[in-house]
Amino acid sequence: MAELTEKVKDFFTSARINERTLMDVLSEFLAVEMGGQKLYEKALGLVSDSEVRSKFREFHRQTLKHQKVLTDVIHRLGGNPRAQSPGAKVATEKAQALLRSMDRNGLSKDQAELNAIENIVLAETKDHADWELIGKIARQATEDRVREILGAAASEVEQEEDEHLNWTRKRLGELQMEALTKGASSETKSENPKAKSPARKSSTKRTGGRGKSGTKATSKRRIRGRAAR
């Protein structure tokens, strides 16, 4: 997730965390994970690529685990995982909007598949940022209890979140390139027809720089010369 230099810097930075704001944020992050679960479930009904389906099943299982991790974090910090903060409600609405956009809506099968994967990338980008923030809070928080609870959660989840985003984003790009080249003609382009070579000009063979008229005059002189003998 975060770069090593950034993590090291965080350990030398202290921040006193407002616990009420933290609970609201964690509620939002849990809503994001729950939305991600539904997005994976819907995407699995749309994608046909075997590699994507296999990875999405794996990521779906891990997303369920991440929900449990966050639920446990909220419990241990004295919150109610069922309570939805204003941020959590907005996160839920965003997930529902992405789910609605995954209806075919006139898209071809291939287009619907790409759209589903793209929505996963969008959701995982937010999810990845959430877990990066959890790790940052754990490194900077002055409260030992917050550092311990969030640090353990980030350590358990962060590598999986890295893979979710990086793999899905890369695979989306690969499939988009395949779609762009699918059915492309391999024939040589013929937009500019070859220019015809200019016709050669017929030229009269000349002898001594004279044309037909010069040849006739020479013949007449020869005849007159013979007659005079």
Under 3.5 Å, is there a donor-acceptor pair between the side chain of [X] and the main chain of [Y]?
X	Y	value
S54	S50	no
R53	L44	yes
T181	M177	yes
T63	G36	no
R16	A141	no
N119	L98	yes
D103	N105	no
S27	A83	yes
D127	A123	no

Subject >> Distance-only donor-acceptor check, side chains W167 and E124, under 3.5 Å >> reply: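 Not at all, the side chains of W167 and E124 share no donor-acceptor pair under 3.5 Å.
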Original post:
Does a donor on one side chain and an acceptor on the other come within less than 3.5 Å for E163 and Q159?
Top reply: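 No pair is found: no donor N or O on one side chain lies under 3.5 Å from an acceptor on the other.
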Original post:
Can you name the closest pair of heavy atoms from A116 and L46 and give their distance?
Top reply: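 It is CB-CD1, 3.9 Å.
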**OP:** Return the minimal non-hydrogen interatomic distance between I120 and T168, and the atom names on each side.
**Re:**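 Of all heavy-atom pairs spanning I120 and T168, the closest is CG2-CG2, 3.8 Å.
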Considering only NZ, NE, NH1 and NH2 on the basic side and carboxylate oxygens on the acidic side, decide whether [X] and [Y] come within less than 4.0 Å.
X	Y	value
K126	D130	yes
K55	E58	yes
E28	K94	no
R171	E174	yes

Subject >> Among H128, H60, H66, ring pair (Phe, Tyr, Trp, His ring centres under 6.0 Å) partner for H164 >> reply: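 Only one option passes, and that is H66.
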Should [X] and [Y] be regarded as members of a common hydrophobic cluster, given that ILVMFWY residues are connected when their side-chain heavy atoms come within less than 4.5 Å of each other, either directly or indirectly?
X	Y	value
I134	V32	no
L122	L107	no
V157	F59	no
Y40	M34	no

